Amino acid sequence: MADVITYREAVAEGIAREMRRDSTVVCLGEDIGAAEGVFKTTVGLFAEFGPQRVWDTPISEQAIVGAAMGAAMTGMRPVAEIMFSDFLACCWDYLANEIPKARYMTGGQVTVPLVIRTANGGGLGFGAQHSQAVENWALTVPGLKIAAPSTPADVIGLMASAIRSDDPVVFFEHKALLASSGQRPPDGHLVELGKAAVAREGTDITVVALASTVSVALKAAEQLQGDGISVEVIDLRCLVPLDMRTVLSSVERTSHLLVVEENPYQGGWGGTVVSVVADEGFEMLDAPIKRVAGACVPLPFADALEAEVIPTVDKVTEAVRRLSAY
Amino acid sequence: MADVITYREAVAEGIAREMRRDSTVVCLGEDIGAAEGVFKTTVGLFAEFGPQRVWDTPISEQAIVGAAMGAAMTGMRPVAEIMFSDFLACCWDYLANEIPKARYMTGGQVTVPLVIRTANGGGLGFGAQHSQAVENWALTVPGLKIAAPSTPADVIGLMASAIRSDDPVVFFEHKALLASSGQRPPDGHLVELGKAAVAREGTDITVVALASTVSVALKAAEQLQGDGISVEVIDLRCLVPLDMRTVLSSVERTSHLLVVEENPYQGGWGGTVVSVVADEGFEMLDAPIKRVAGACVPLPFADALEAEVIPTVDKVTEAVRRLSAY
Amino acid sequence: MTPEELLDAYEEMALIRRTEKAAHDLFMSGFVKGTTHLAAGHEAIAVGASAALRPDDYVFATYRGHHHAMARGATPEECLAELMSKATGLCQAKGGSMHLTKASTGMLGSYAIVGAHLPMAAGAAWSAKLRGSGQVAVAFFGDGATNIGAFHEALNLAAVWQLPALFVCENNLYMEYTPIADVTAVPNPAADRAGGYNIPGEVIDGNDVTVVHEAVSRAAERARKGDGPTLIEAQTYRHFGHSRSDPAKYRPAEEVERWLKHDPLDVARARLEAAGVPPETISERDRRAAQVVEAAVTAAKNAPEPDRELAFTDVWADGSATWRT
Amino acid sequence: MTPEELLDAYEEMALIRRTEKAAHDLFMSGFVKGTTHLAAGHEAIAVGASAALRPDDYVFATYRGHHHAMARGATPEECLAELMSKATGLCQAKGGSMHLTKASTGMLGSYAIVGAHLPMAAGAAWSAKLRGSGQVAVAFFGDGATNIGAFHEALNLAAVWQLPALFVCENNLYMEYTPIADVTAVPNPAADRAGGYNIPGEVIDGNDVTVVHEAVSRAAERARKGDGPTLIEAQTYRHFGHSRSDPAKYRPAEEVERWLKHDPLDVARARLEAAGVPPETISERDRRAAQVVEAAVTAAKNAPEPDRELAFTDVWADGSATWRT
Ligand SMILES: Cc1ncc(C[n+]2csc(CCOP(=O)(O)OP(=O)(O)O)c2C)c(N)n1
Ligand SMILES: Cc1ncc(C[n+]2csc(CCOP(=O)(O)OP(=O)(O)O)c2C)c(N)n1
Ligand SMILES: [Mg+2]
Ligand SMILES: [Mg+2]
């Protein structure tokens with residue numbers, strides 16, 4: 001086995017590792033079997049585990065996620081794929097009203113240990129209905145855990161935790177990262193849900209990022225280093241549980257906060273992070289809190305237009321410069 | 001005609017006024033016709049306008065909203081009712097991916113002048129799937145206008161603007177306000193979308209509220225007056241367009257901000273308001289920004305438990321006291 | 001059903017009927033908050049089906065689900081306590097009337113979004129198939145649910161995957177206040193759709209507990225043999241309005257009268273008498289049911305309020321509600 | 001169709017075919033970004049239907065919708081410019097291949113969420129009925145769309161309200177890479193569901209433009225008379241893979257071969273020849289189509305990039321994107 005693995009391969013590898021150790025883990029989704037997934041994120045699963053563990057479904061997002069829920073309540077650990085995260089809208093009732101509430105509203109009688117995996121985000125020119133970053137949709141719903149890894153190792157480590165979790169987890173795989181590669185983690189690699197990573201240490205400003213925006217932030221940090229600005233980049237890795245402790249302790253040192261998020265500014269997850277800091281971290285701050293977020297428009301098709309409306313390295317460096325000039 | 005009108009009556013009255021002036025306004029929804037609506041918010045419409053203007057539908061939320069969209073694109077101004085706002089999850093694709101994007105992604109070729117009305121919010125002991133305040137779901141989607149009136153006059157004035165708007169509007173009618181009453185506004189009464197109201201003037205702290213939380217904030221302000229704390233209450237009335245100018249100019253005077261919102265803290269609309277102020281209003285602030293929001297749990301059934309997790313007058317007064325003691 | 005089984009079914013139906021009546025009275029007198037959707041009139045469907053199922057089979061119901069909870073072993077006291085927001089309620093007063101659940105006996109919940117639980121039942125059936133357990137999963141739903149997308153997706157999936165699932169429609173002719181016939185393209189909203197999924201669909205008398213028992217027995221056997229799902233449309237009628245205090249004025253008087261004459265309890269009683277069971281034996285069961293419900297009302301009224309901290313438990317499997325550090 | 005009409009239809013199909021081929025080549029050589037879903041092989045459905053419709057009728061299509069845009073009057077140049085992210089694109093390069101729209105001729109959009117546009121078409125038909133305009137609305141969709149909830153809800157609503165809507169399924173045997181037969185409970189995924197909505201459903205040869213024309217004409221007439229919707233399942237086959245560079249290896253060679261022999265252009269050509277139209281007349285049309293497409297490619301390549309500010313226009317009807325003060 002090579003030491004290097006792509007993000008795309010890491011998805012399949014992460015699932016396979018759990019399927020090997022636990023026979024109750026089963027996969028379902030559109031074209032995930034013999035076709036090995038539209039994004040090739042389930043390559044090898046059908047061959048290794050066969051049709052009793054890897055199920056092709058009709059185009060029926062409600063049935064996919066609803067069936068996963070029913071199976072999860074009765075002894076299985078389903079891993080359901082929703083091909084593009086935009087399509088979560090087609091089964092939103094299950095994410096908003098059913099899966100996250102079943103345990104609570106039955107007084108703890110049932111658990112729903114499932115994972116909903118989905119290809120998220122833009123940057124590939126897929127247009128308005130296939131490019132959205134929608135982690136913030138899930139954040140509006142108490143009762144869902146939310147993972148959004150930025151590296152292949154985190155894909156594997158968080159996938160393991162997600163599948164083993166007795167709580168429902170929405171797992172966002174970023175389309176623009178699928179081809180990226182990184183270290184293949186050893187067997188048994190686990191990343192706990194809800195632990196942010198300090199992706200780069202710095203002293204002047206804290207940049208909080210997630211999934212695709214982590215590499216954007218890191219590239220910006222690299223450039224800013226040249227200007228003598230030391231940027232700390234925090235990769236949240238999960239939105240729920242939200243690791244505010246790591247964010248607050250970084251801001252305590254840097255006194256400056258910038259959030260970089262792909263979803264639109266209005267209703268974006270950055271608003272939640274900012275409001276915790278504007279409350280509990282108010283005294284630490286030496287400058288306004290800023291957010292570089294998606295523009296409040298649908299995603300346009302043309303590359304050049306899309307770049308206008310999602311976070312880019314330039315937008316981040318500019319925001320950091322403005323903040324440190326404050 | 002009496003001078004006083006209930007919020008519930010105002011909904012029907014607001015729709016009727018527009019149906020009288022514009023024959024392209026048509027209503028559709030479950031049990032809205034002869035039955036006059038589950039919440040009695042369409043009383044009189046079927047009698048006055050008949051079955052060609054007021055259409056009962058099957059339980060098919062996707063068909064209701066999807067058909068409204070198709071009709072709106074072809075010359076009508078449909079007013080679609082989704083009985084409880086929780087059920088927006090059943091047709092979320094239309095709110096998230098279709099209605100708000102059609103104009104943009106066709107390069108401006110189509111407009112979608114429709115209103116989706118829905119009974120929103122808790123406080124009535126309807127449990128986890130019938131009590132949510134979900135304005136924040138809509139806020140995650142650029143391309144939707146969002147109204148959430150707190151008074152009967154605003155119901156009528158905003159309904160007129162919503163129906164006349166060439167943009168899609170999601171109109172949240174708060175269940176806990178339906179029985180409340182207020183001044184019946186004169187014919188032709190219009191409240192522009194995106195203009196907040198100063199519901200009470202004050203000098204010490206700005207409290208931003210919406211729909212049900214406006215009266216909670218006003219009651220708290222009344223109590224706090226006794227303690228010598230002067231609270232300014234801003235009723236946002238709409239989330240999109242979001243009237244940050246009114247909020248910022250209030251905070252400029254009070255230097256203190258508290259947001260009171262019914263949706264859960266995580267992903268709540270307050271995060272967006274707070275992050276604008278923490279950026280553009282940073283220098284005005286003399287204290288941390290606080291949010292009194294719904295707890296990050298599903299809504300429990302029992303009254304006593306529900307009161308634990310949604311904003312109450314006590315929680316607001318306590319938060320204001322802490323802020324002004326800062 | 002043997003006469004003895006039928007007698008037990010009768011008693012269970014009587015118990016449900018009286019519990020529903022009690023729930024109605026408690027709602028009207030302010031002891032029950034929020035809303036209730038009573039199943040009086042629908043008893044034969046829950047009881048007949050339950051008698052045809054194994055104890056480890058799964059049941060998924062709607063907001064109108066008291067009868068299914070009780071048919072699967074929830075006591076009237078647990079149910080009424082839940083409705084009355086008491087700590088001893090089935091769901092610790094966190095669910096309420098619309099979400100009665102008794103997971104320990106396979107009653108996996110009552111769901112208040114129309115149609116949402118059909119895919120869940122398909123999933124539970126899939127799970128049973130994967131585990132080779134021989135269990136079946138049953139979804140009970142209203143006529144109104146047959147026009148929502150989840151119905152279509154669940155039926156197709158269950159058919160394609162040949163799942164041991166039973167879809168039982170309780171067709172009571174109305175959605176909330178609108179007749180199902182006004183908004184559905186076919187006369188039998190459930191059974192007439194079965195062909196679209198290539199599965200058996202039948203219309204049965206949902207007020208005759210023996211008919212329900214037979215139909216569900218057949219469908220369950222078929223499912224356990226691996227022959228896939230069945231769609232059963234059980235015709236019935238609700239005795240109360242849709243919910244809360246709805247007086248159901250939208251229903252023609254003669255329709256109501258006709259259906260009240262075909263009361264599931266009367267049908268069962270007639271069958272018992274025809275089978276030679278003495279009237280006093282039947283009445284004895286009625287009395288027992290009445291006593292149980294009376295005691296349940298008293299116990300539920302006297303039960304303690306839920307601890308306020310329950311509002312912040314059981315979001316997560318570890319019992320907590322912690323979403324951030 | 002008269003021979004003259006058929007000849008025009010032939011030319012339109014040839015135009016679409018060549019545009020799709022051009023789109024494919026432009027994608028492979030990097031001029032088209034994102035994705036494309038080519039309709040080569042499906043031409044007869046778009047062209048036959050369009051010829052049966054009035055100019056003011058409404059059409060709603062899917063992400064595989066180039067043929068419908070062109071059949072409703074979009075030029076190859078507008079389409080290719082859109083795919084190539086040019087300012088002269090049909091949607092100003094804001095939509096892309098999956099969202100071709102030509103509202104001025106009633107082609108109200110291409111939608112990329114499977115099934116979502118069926119309720120919209122029902123709504124446009126409802127609007128036509130309300131306005132008494134005599135228009136019909138047509139939704140074209142794939143076989144895969146027949147298993148999604150929106151399909152079910154739209155068909156039922158259109159049937160109950162007797163809407164002038166046509167639902168035309170382009171059954172090309174596959175969803176993305178999975179055969180529709182593997183995940184659908186009935187052999188004809190669309191037509192076999194018509195009974196569930198009490199509307200006519202028929203299976204037709206979607207590669208014969210005259211057959212499509214006839215079926216759509218009949219359905220449109222029925223709709224305009226107020227007799228409600230019709231479901232048409234047009235069997236066809238795609239010549240390219242599902243999207244982008246998919247080589248469609250999952251399709252058996254003999255199946256591909258059989259269908260390529262039943263090419264809609266060949267079928268039309270044979271009909272033309274049988275009607276006595278001279279081969280050179282037909283070839284002339286082919287040449288003309290080739291020239292138009294060649295010129296379109298050049299023009300689209302030379303067209304300017306969209307102005308960056310377009311990213312911030314037309315969220316709202318006033319042309320702006322302002323969401324806050
Ligand atoms: C998706 C959805 N839409 C609407 C409602 C509101 N609602 C609750 S019950 C009901 C009528 C359901 O009728 P039916 O399925 O026949 O069941 P019944 O109440 O007659 O048992 C409606 C419309 C809902 N709960 N969920
Ligand atoms: C709701 C939804 N689910 C999944 C997809 C991904 N997807 C795009 S096309 C497609 C296959 C559609 O097949 P079919 O309806 O037969 O149309 P065809 O592509 O064959 O024309 C799928 C699954 C989608 N766009 N929308
Ligand atoms: Mg009913
Ligand atoms: Mg297909």
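Source: prediction; values computed, not measured. Numbers restart at 1 for each chain; the letters A, B, ... are given by sequence-line order, proteins then strands.
- Contact of C/L118 with chain A is not made at all, since no heavy-atom distance falls under 4.5 Å.
- Your options are A/P241, A/G143, A/S165, and the one with the most heavy-atom pairs under 4.5 Å with chain C is A/G143.
- The greatest number of non-hydrogen atom pairs below 4.5 Å with chain A, out of C/Y58, C/W161, C/F60, C/W323, is found for C/W161.
- Your options are C/L157, C/L100, C/I113, and the one with the most heavy-atom pairs under 4.5 Å with chain A is C/I113.
- A/D167 places a side-chain N or O within donor-acceptor distance of the main-chain N or O of C/A317, the cut-off being under 3.5 Å.
- Here CD of A/Q109 is found 10.0 Å from CG of C/D314. Values are rounded to the nearest 0.5 Å.
- The environment of CZ in C/R54 is crowded: more than 12 heavy-atom neighbours from other residues, nucleotides or ligands sit within 6.0 Å.
- No side-chain donor-acceptor contact under 3.5 Å links A/T106 to the backbone of C/T101.
- With a 4.5 Å cut-off on non-hydrogen atoms, A/K145 touches chain C through its backbone and its side chain both.
- Using a 4.5 Å heavy-atom cutoff, the side chains of A/M76 and C/R131 are in contact.
- With a 4.5 Å cut-off on non-hydrogen atoms, A/D93 touches chain C through its side chain but not through its backbone.
- Residue contact with chain C, scored on non-hydrogen atoms closer than 4.5 Å, involves the side chain of A/T111 exclusively.
- The stretch residues 88-98 of chain C places C/L90, C/C91, C/Q92, C/K94, C/G95 near chain A, each with some heavy atom under 4.5 Å from a heavy atom of that chain.
- In this structure, C/A154 and A/A63 approach most closely via the heavy-atom pair N-CB, 4.4 Å.
- Interface residue C/W126: only side-chain heavy atoms are found under 4.5 Å from chain A.
- Contacts of A/V247 with chain C are absent, with no heavy-atom separation under 4.5 Å from either backbone or side chain.
- Contact residues of residues 64-71 of chain A toward chain C are A/G66, A/A67, A/M69, A/G70, A/A71 (heavy-atom distance under 4.5 Å).
- In this structure a side-chain-to-backbone donor-acceptor pair under 3.5 Å is missing from C/Y111 to A/A102.
- Between chain C and the residues A/I59, A/L144, A/V110, A/L248, the largest count of heavy-atom pairs under 4.5 Å involves A/L144.
- Using a 4.5 Å cut-off between heavy atoms, C/S133 does not touch chain A at all.
- Contacts of C/A150 with chain A are made by both backbone and side-chain atoms, with heavy-atom separations under 4.5 Å.
- None of A/T246, A/L242, A/D243 except one satisfies the side-chain contact (heavy atoms from CB on, under 4.5 Å) rule with C/T325; the exception is A/D243.
- Ranked by heavy-atom pairs under 4.5 Å with chain A, the list C/G123, C/A103, C/G106 is led by C/G123.
- Pairs passing the side-chain hydrogen bond (donor to acceptor under 3.5 Å, both in side chains) check and including a residue from residues 48-65 of chain A, sequence neighbours excluded, read A/R20-A/E48.
- Comparing C/A124, C/A137, C/A112 by heavy-atom pairs within less than 4.5 Å of chain A, the highest count is held by C/A124.
- For a residue to count as touching a neighbouring chain, one of its non-hydrogen atoms must lie under 4.5 Å from one of that chain's; by this rule C/V315 touches chain A with backbone and side chain alike.
- For A/T272, the part lying under 4.5 angstrom from a heavy atom of chain C is the side chain only.
- Atom NZ of C/K129 has more than 12 neighbouring heavy atoms from other residues, nucleotides or ligands inside a 6.0 Å radius.
- A/Y104 places a side-chain N or O within 3.5 Å of a backbone atom of C/A311 that can act as its donor or acceptor partner.
- Of the two parts of A/L139, neither the backbone nor the side chain holds a non-hydrogen atom closer than 4.5 Å to a non-hydrogen atom of chain C.
- Under the ring-ring contact (aromatic ring centres under 6.0 Å, His included) criterion, C/H37 pairs with C/Y63, C/H242, not counting sequence neighbours.
- Two residues are said to be in side-chain contact when any heavy atoms from C-beta on lie closer than 4.5 Å; C/M120 and A/Y94 meet this criterion.
- When each of C/L130, C/V160, C/T322, C/L108 is checked for heavy-atom pairs under 4.5 Å with chain A, C/L130 comes out on top.
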